[in-house]
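Comments concern the structure below.
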Amino acid sequence: MPKILAIDDKQDNLITLFAIFKTFLPECDLIVAKSGSEGIEKAKTILPDTILLDIKMPKMDGYEVCRILKKDEKTKNIPVILISAIKTDSKDLVKGLEAGADVYLAKPIDECVLVAQVNTALRLRDAENNLQKQKKILESMVQERTIELVRSNKELKNEIKEHNRAEKEKKELESQLRQSQKMEAIGILAGGIAHDFNNILYVISGYTEMSMDEVPEKSSVHSNLKEIMQGVVRATEMVQHILLFSRKSSVKKEYVKLYSVINDAVQFLRCTIPSTIYIDLDIDTDCCRILADL
């Protein structure tokens with residue numbers, strides 16, 4: 001049932017309104033307030049569908065009551081029909097509209113005009129209520145869509161992050177592949193050089209052995225040739241390692257002492273690095289043997 005709030009300080013006016021509503025608008029519930037302050041409180045409490053507001057009231061006139069109602073968030077959309085006890089002119093009409101009134105009527109009240117204006121106000125109120133409902137539905141849809149978009153955006157960011165991580169890993173793998181290909185090329189090159197160098201070592205080894213057979217064992221020449229042979233042996237072992245590396249073949253591991261291996265390697269390094277570089281060794285000669293690929 002539509003609720004109509006009548007704010008008027010005169011009992012006779014309220015009785016007239018009750019008679020009009022009983023005759024022409026029996027489906028409406030007429031609620032009364034006898035002062036502006038009472039009318040404001042009732043309007044905020046019951047939220048009527050339309051307000052009939054008398055202009056001339058003590059303490060607070062209808063213009064002021066209308067302004068207060070239209071400023072309040074709860075009551076600003078309720079249609080207000082101002083009723084004046086004097087003949088309306090343009091100034092009164094403008095003043096009422098400036099206060100926020102939707103309709104301005106003069107007394108004595110024309111029942112037909114009042115009923116028509118109330119029905120119009122009720123239709124406006126229904127339209128406003130439907131509009132507010134649609135607004136809430138739209139706001140709910142927007143909120144749900146916003147939540148969905150935020151979730152989708154988060155998932156998209158995670159996908160982009162994962163894609164970037166995969167791209168980074170791909171680049172790292174490509175870099176490792178290129179490095180592996182470079183190492184393979186170096187291995188092949190080293191294998192070819194080592195193979196040729198090994199042939200040279202065979203020549204050196206052969207001529208050294210023949211020279212050793214031709215000189216006395218206790219001579220200094222024989223001793224020098226022996227040192228050459230030891231160098232050839234070490235070089236041959238290194239060449240074998242390079243050839244094994246270049247062929248990527250499996251090797252046989254054996255137990256060795258680190259001291260001997262490191263000492264031999266350092267001796268070889270001292271022959272290949274500049275004399276300005278000093279190598280200081282501090283190795284435990286009694287360390288345990290290890291299983292290694294030499």
Side-chain angles (χ1 to χ4, degrees), residues 155-294:
E155 291 178 354
L156 181 60
K157 286 182 178 179
N158 290 334
E159 289 178 2
I160 292 174
K161 185 177 180 181
E162 183 64 23
H163 176 73
N164 291 337
R165 185 188 65 79
E167 283 294 322
K168 185 178 179 181
E169 289 182 354
K170 179 183 176 183
K171 290 181 179 179
E172 290 177 352
L173 290 173
E174 288 176 348
S175 177
Q176 292 176 8
L177 177 61
R178 287 193 295 270
Q179 186 65 23
S180 176
Q181 290 172 342
K182 289 179 182 179
M183 292 300 296
E184 184 178 1
I186 291 172
I188 294 172
L189 178 62
I193 295 173
H195 182 73
D196 293 338
F197 186 62
N198 196 42
N199 293 335
I200 296 172
L201 288 176
Y202 281 130
V203 176
I204 296 173
S205 175
Y207 279 102
T208 302
E209 287 182 354
M210 288 188 295
S211 298
M212 289 175 65
D213 292 337
E214 295 177 359
V215 298
E217 291 186 4
K218 295 183 179 180
S219 67
S220 58
V221 175
H222 189 280
S223 178
N224 292 336
L225 292 172
K226 188 176 181 180
E227 289 295 330
I228 292 173
M229 281 299 300
Q230 290 179 355
V232 170
V233 171
R234 289 196 297 269
T236 302
E237 291 176 351
M238 292 181 63
V239 169
Q240 292 301 320
H241 291 309
I242 295 174
L243 290 172
L244 288 172
F245 169 75
S246 64
R247 290 197 299 266
K248 298 182 180 179
S249 58
S250 59
V251 295
K252 183 179 180 181
K253 296 181 180 179
E254 57 184 58
Y255 286 96
V256 294
K257 280 194 173 183
L258 279 177
Y259 174 77
S260 300
V261 176
I262 295 175
N263 189 56
D264 291 342
V266 170
Q267 293 299 326
F268 177 75
L269 282 174
R270 282 177 174 158
C271 298
T272 57
I273 62 176
S275 59
T276 54
I277 299 177
Y278 176 73
I279 301 177
D280 185 17
L281 294 180
D282 185 12
I283 306 174
D284 183 6
T285 57
D286 295 327
C287 62
C288 297
R289 293 191 304 166
I290 63 168
L291 182 62
D293 168 23
L294 298 179

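Values below: all heavy atoms of this structure, side chains included; hydrogens, waters and symmetry mates excluded. Counting from 1, the numbers follow the sequence of the chain as shown.
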So Ser205 and Met229, do their side chains get closer than 4.5 Å, heavy atoms only? yes
Ile160 side, atom CD1; Lys157 side, atom NZ - distance, nearest 0.5 Å: 9.0 Å
With a 4.5 Å cut-off on side-chain heavy atoms, are Gln176 and Leu173 touching? yes
Looking at Glu167, I want to see if its CD is surrounded by more than 12 non-hydrogen atoms of other residues, nucleotides or ligands under 6.0 Å. yes
Could you state the interatomic distance from CE (Met212) to NE2 (His222), rounded to the nearest 0.5 Å? 4.0 Å
Here the gap from Glu217 atom CD to Lys226 atom NZ, rounded to the nearest 0.5 Å, amounts to 8.5 Å
Do Arg165 and Lys168 come within less than 4.5 Å of each other through their side chains, counting heavy atoms only? no
Interatomic distance, CD1@Ile193 vs CG@Asn198, rounded to 0.5 Å, equals 13.5 Å
Side chains of Val232 and Thr236 in contact at under 4.5 Å (non-hydrogen atoms): yes
Would the distance check show the side chain of Ser211 and the main-chain N or O of Tyr207 forming a donor-acceptor pair, the cut-off being under 3.5 Å? yes
Spacing of NZ belonging to Lys170 relative to CG belonging to Leu177, to within rounding of 0.5 Å: 12.0 Å
Looking at OG1 of Thr208 and CG of Asp213, how far apart are the two atoms once the value is rounded to the nearest 0.5 Å? 11.0 Å
